[in-house]
Each structure stands twice: as structure tokens, then as C-alpha cells.
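In what follows, a structure is listed as C-alpha cells, so that the remarks can point back to it.
What you see is a predicted model, and the numbers here were worked out from it, not measured in a lab.
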Amino acid sequence: ALANGRASSETASADSDVIKEGECPVCHAMHTNLSRKFCKKCGQSLRVDCLGCGTTMSSWESICGECGGRQADLHERLVALRFEESCLLEAREHFAAFDYPAASRSLNAVPQDMRREETVRMLADCSARREESTHLINKIVECYKEKQFDGLLPVVRRAVELRGDREDLRQALNQLTTRRDMRLSR
């Protein structure tokens, strides 16, 4: 991959095991002058930035001379972080739509040993919100069946916070609010 005329460090790190010392990563021309910055045949940069510290290094180097970072390992971690970020983005969209099971599925796609704190925290929050909303909805249904409306307004209000996608909960909130307001006006 080319980025501003330079080989990206991802390409160099992914191919570092097969590129020989002095070899151009694009056209595979060999160079005896190892301090050369650009390929004598195709003009491709022979330098990349280390994925760990950003130091410029030869594209055929597999270990950074500055930080000791193994480029293949760093590349693997970078790919995993990007995957986790895409899963988090998808999970946030589901979360905002109150679809906690779908958010959890998105987050569970990230291997457990690769999860950062934000992913773990969001997974726990999805689970807690799903359990709490299920409990509250069951309580609301039971109270409506038994026509027990006293003290139900805060329960319904919290259920709407957790499941704003449910029209029936919003209607119940409006009914209970109207009922309370009528009682207060007497």
C-alpha cells in the first residue's frame, strides 16, 4: 500500500519476513547501498515508520532499532485494535437504539484476551441494562394486571430510560403522569 508515495508500515511489517535486506517491497529490486531512501528501479520509498515508536526504519527490518518493537507483532495488535474499534462503533449504535443484545453480540466478537477496558465496561453495561429492563418491564406488566399503580411512575420512568424504543412504555409513562397530575389537582 502506498501512502503519500511511501510504503505504509503495515505493508512492510506484514511482509517483513519475506523481504530480503536491501530489497524493494514493491518491485523487489535489490540494493547494495542499504542507506538508500528510494528504490533505484521504481522510486518506491525504502523507509517506513515503526508501528511502535514511529522512528523511520528500513522497510525490510522486522525489528525496530530504536524501540525493539517486532513489527509483525505490532501489526497484529494494530489490526486487533482496529477490529475492536469497529465492533465498539457498531455496539454504540445498537446501544443508542436500546438493542442491548445486538450491542453485546458486536462486543463479544472481540476475542476476550484482546478486549480493552472500554469494551469490557460496555459489555457489562449492556448486560446490566438488559437485566434491569427485563425486571422492570415484568414488574410493570404485573402491576398493570393487578391495577396497582401507586409508586409505579418512577419504575416506568426508569424503564423508558432503558428502553426508549418501546412505545408501550412511553404510553404507560404518559398515562401515569396524567393520572398523578389529576390526583394532585384535586
**Request:** Would you mind reporting whether P101 and R130 have side-chain heavy atoms less than 4.5 Å apart?
**Result:** yes
**Request:** Begin with the C-alpha distance, continue with both residues' side-chain angles, and end with the deciding distance and a verdict on salt bridge (charged side-chain N to carboxylate O under 4.0 Å, His left out) for E118 and R92.
**Result:** CA-CA 11 Å; E118 182 181 1; R92 285 185 198 110; 2.5 Å; yes
**Request:** Please answer: with hydrophobic residues joined when any side-chain heavy atoms are less than 4.5 Å apart, are L123 and F95 in the same cluster?
**Result:** yes
**Prompt:** Can L184 be reached from M182 by stepping across I, L, V, M, F, W or Y side chains whose heavy atoms are under 4.5 Å apart?
**Reply:** no
**Asked** Around E167, counting heavy atoms of other residues, nucleotides and ligands shown, do more than 12 lie under 6.0 Å from its CD?
**Response** yes
**Message:** Under a 3.5 Å threshold, yes or no: a donor from one side chain and an acceptor from the other, between E66 and T55?
**Reply:** no
**Asked** Is it true that L107 and V110 fall in one hydrophobic cluster, defined by side-chain heavy atoms closer than 4.5 Å?
**Response** no
**Prompt:** Could you state the interatomic distance from CD (E76) to CG (L81), rounded to the nearest 0.5 Å?
**Reply:** 11.0 Å
**Message:** I'd like to check Q71 versus M57 (side-chain heavy atoms, cut-off strictly below 4.5 Å). Are they in contact?
**Reply:** yes
**Message:** Is it the case that the side chain of S86 and the backbone of F83 share a donor-acceptor pair, with hydrogens and angles ignored and the cut-off at 3.5 Å?
**Reply:** yes
**Request:** Please check if M122 and F98 belong to a single hydrophobic cluster, counting links between Ile, Leu, Val, Met, Phe, Trp and Tyr side chain heavy atoms closer than 4.5 Å.
**Result:** yes
**Asked** Do R47 and S58 have side-chain atoms, one donor and one acceptor, less than 3.5 Å apart?
**Response** yes
**Item:** Residue pair Y144 / Q175, side-chain heavy-atom distance below 4.5 Å
**Value:** yes
**Asked** Between the main-chain N or O of R116 and the side-chain N or O of E84, is there a donor-acceptor pair closer than 3.5 Å?
**Response** yes
**Request:** State yes or no: do V155 and V141 share one hydrophobic cluster built from I, L, V, M, F, W and Y residues joined by side-chain heavy-atom distances below 4.5 Å, directly or via other members?
**Result:** yes
Using a 3.5 Å cut-off and no angle test, enumerate the donor-acceptor pairs between side-chain atoms of residues 146-153 and protein atoms at least two apart in sequence or in another chain.
from : atom 1 : to   : atom 2 : distance (Å)
D150 : OD1    : R183 : NH1    : 3.1

**Message:** Using modelled atom types and a 3.5 Å cut-off, is there a donor and acceptor pairing between side-chain atoms of T177 and backbone atoms of L173?
**Reply:** yes
**Message:** I'd like to know if E132 pairs up with R129 as an ion pair, taking the criterion as any Lys NZ or Arg NE/NH1/NH2 lying under 4.0 Å from an Asp or Glu carboxylate oxygen.
**Reply:** no
**Prompt:** Ignoring hydrogens and geometry, is there a side-chain-to-backbone donor-acceptor pair from R36 to L46 under 3.5 Å?
**Reply:** no
**Asked** Which value, rounded to the nearest 0.5 Å, describes the distance between C143 atom SG and N138 atom CG?
**Response** 11.0 Å
**Asked** Taking C-beta and beyond as the side chain, do I137 and R166 meet within less than 4.5 Å on heavy atoms?
**Response** yes
**Message:** For V156, is there any backbone N or O sitting under 3.5 Å from a side-chain donor or acceptor partner on K139?
**Reply:** no
**Request:** Measure from the side-chain N and O atoms of R163 to the backbone N and O of D165, and report whether any donor-acceptor pair falls under 3.5 Å.
**Result:** no
**Prompt:** So R82 and E85, salt bridge (charged side-chain N to carboxylate O under 4.0 Å, His left out) or not? Walk me through it.
**Reply:** CA-CA 5 Å; R82 286 184 179 157; E85 283 301 319; over 6 Å; no
